Engineer: 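Please read through the structure below; I'll follow up with questions.
A, B, ... follow the sequence lines: proteins, then strands. Residue 1 opens every chain. Because the structure is predicted, anything quoted here is derived from the model rather than measured.
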Amino acid sequence: MILSRDFYDRPTLAVARDLIGTVLVHDTAAGRVSGMIVEAEAYIGEGDPACHAAPGPTPRNAPLYGPPGVAYVYFNYGMHYLVNAVTEPQGSPAAVLIRALAPLEGLPLMRLRRTRGTGRRAAHLDEHEVCRGPGNLTRALGIGASQNRADLTRGALVIEDRGLDPGPLAWTPRIGIRVGTEHRWRVIAVGHPAVSGPKRRGGPAQP
DNA sequence: CGTTCGATGCACT
DNA sequence: GTGCATCGAACGT
């Protein structure tokens, strides 16, 4: 079932934790693609220096101040779109960044989108690499600027609870940021092969 | 194995 | 003009 507005209208850390194991679905003319969320990060309020709300309200971060359960998509590094789910009551700027998915539906279409326009061969993309990393998963799912402010509780871009079990969870510092690294606001499905990050060295999962 | 660095566009100072 | 919530190729050890 599709997650309700009330699901998102809660403290951001609780939403981030509960999003692990849910399914991000995007329906487009080319077909349906989806994946189980295995990695996410919380960005909480104007007091969080890494949150886009840190400078106060601006045109770009307006979705963070709006109602929960809405997508906040923005363009970064000149080439990547990143997708968030807005959390907390309206007026309280916070969101959860979706960082990695385990592909479920539409894997061939995802591979096509990942490799189109690049020199890479689709066959060289492992299943767990297709949606590993926030920029990679938006590319694979066909998420771009037109999905900014999309309602995640109905429509083409939604998040569903399908009763999947992501296994044990762990909290770590957020990655890829230069400020606000003191908070352990990144949550992952421990040991899942689709999780991003530098420590993917071989061997069993570390708790 | 590890680290560095270029690509590439825009919001904000 | 500066600095990104990134990615992956290229390079060094």
Engineer: C:dG8 C1' sits how many Å from A:Asp126 CG, rounded?
Structural biologist: 16 Å
Engineer: For the side chain of A:Glu46 and the backbone of A:Pro93, is there at least one donor-acceptor N/O pair under 3.5 Å apart?
Structural biologist: no
Engineer: In Watson-Crick or G-U wobble terms, both distances under 3.5 Å, what is the partner of C:dA5?
Structural biologist: none
Engineer: Is the shortest heavy-atom distance from the side chain of A:Leu24 to the side chain of A:His26 under 4.5 Å?
Structural biologist: no
Engineer: Could you check whether A:Gly78 gets within reach of a base, just the sugar-phosphate, or nothing at all, counting any heavy atom under 4.0 Å?
Structural biologist: base
Engineer: Distance between the P atoms of B:dC5 and C:dT13, in whole angstroms?
Structural biologist: 13 Å
Engineer: Atom CZ of A:Arg186 to atom P of C:dA5: distance rounded to whole Å?
Structural biologist: 16 Å
Engineer: How far does the C1' atom of C:dG8 sit from the matching atom of B:dC10, given to the nearest Å?
Structural biologist: 22 Å
Engineer: Mind calculating the distance between CG (A:Asn76) and C1' (C:dT2) to the nearest angstrom?
Structural biologist: 14 Å
Engineer: What does A:Asn136 touch in the nucleic acid at a heavy-atom separation under 4.0 angstrom: a base, only the sugar-phosphate, or nothing?
Structural biologist: sugar-phosphate
Engineer: Under 4.0 Å between any heavy atoms, over every strand shown, what does A:Arg174 touch: base, sugar-phosphate, or nothing? Just pick one.
Structural biologist: nothing
Engineer: Rounding to a whole Å, what distance do you find between A:Arg132:CZ and C:dT6:P?
Structural biologist: 16 Å
Engineer: At under 4.0 Å, does any side-chain N or O of A:His52 touch on OP1 or OP2 of C:dA5?
Structural biologist: yes
Engineer: From the set B:dT8, C:dA5, C:dG8, return the single nucleotide nearest to any side-chain atom of A:Met79.
Structural biologist: B:dT8
Engineer: With respect to the phosphate group of C:dC7, does any side-chain polar atom (N or O) of A:Arg139 fall under 4.0 Å of OP1 or OP2?
Structural biologist: no
Engineer: Under the criteria of a ring-centre distance below 5.5 Å and an interplanar angle below 30°, is A:Phe75 stacked with the base of B:dG9?
Structural biologist: no
Engineer: Roughly, in whole Å, what's the span from CD1 in A:Ile175 to C1' in C:dA5?
Structural biologist: 10 Å
Engineer: Check whether any side-chain N or O of A:Thr12 sits under 3.5 Å from a backbone N or O of A:Ile44 as a donor-acceptor pair, and report yes or no.
Structural biologist: no
Engineer: Quickly work out the A:Tyr77 OH to C:dT6 P distance and round it to whole Å.
Structural biologist: 5 Å
Engineer: Near A:Arg10 CZ, under 6.0 Å, is it more than 12 heavy atoms from other residues, nucleotides or ligands?
Structural biologist: yes
Engineer: So do the side chains of A:Val195 and A:Arg186 get within less than 4.5 Å of each other, counting heavy atoms only?
Structural biologist: yes
Engineer: What's the CG-C1' distance between A:Leu64 and B:dA11, to the nearest Å?
Structural biologist: 14 Å
Engineer: Which residue, A:Arg178 or A:Pro134, contacts DNA chain C at a nucleotide closer to its 5' end, judged by nearest heavy atom?
Structural biologist: A:Arg178
Engineer: Mind checking if A:Leu97 touches a base, just sugar-phosphate, or nothing, with heavy atoms under 4.0 Å?
Structural biologist: base
Engineer: Between C1' on B:dC10 and CG on A:Asn148, what's the gap in Å once rounded to a whole number?
Structural biologist: 14 Å
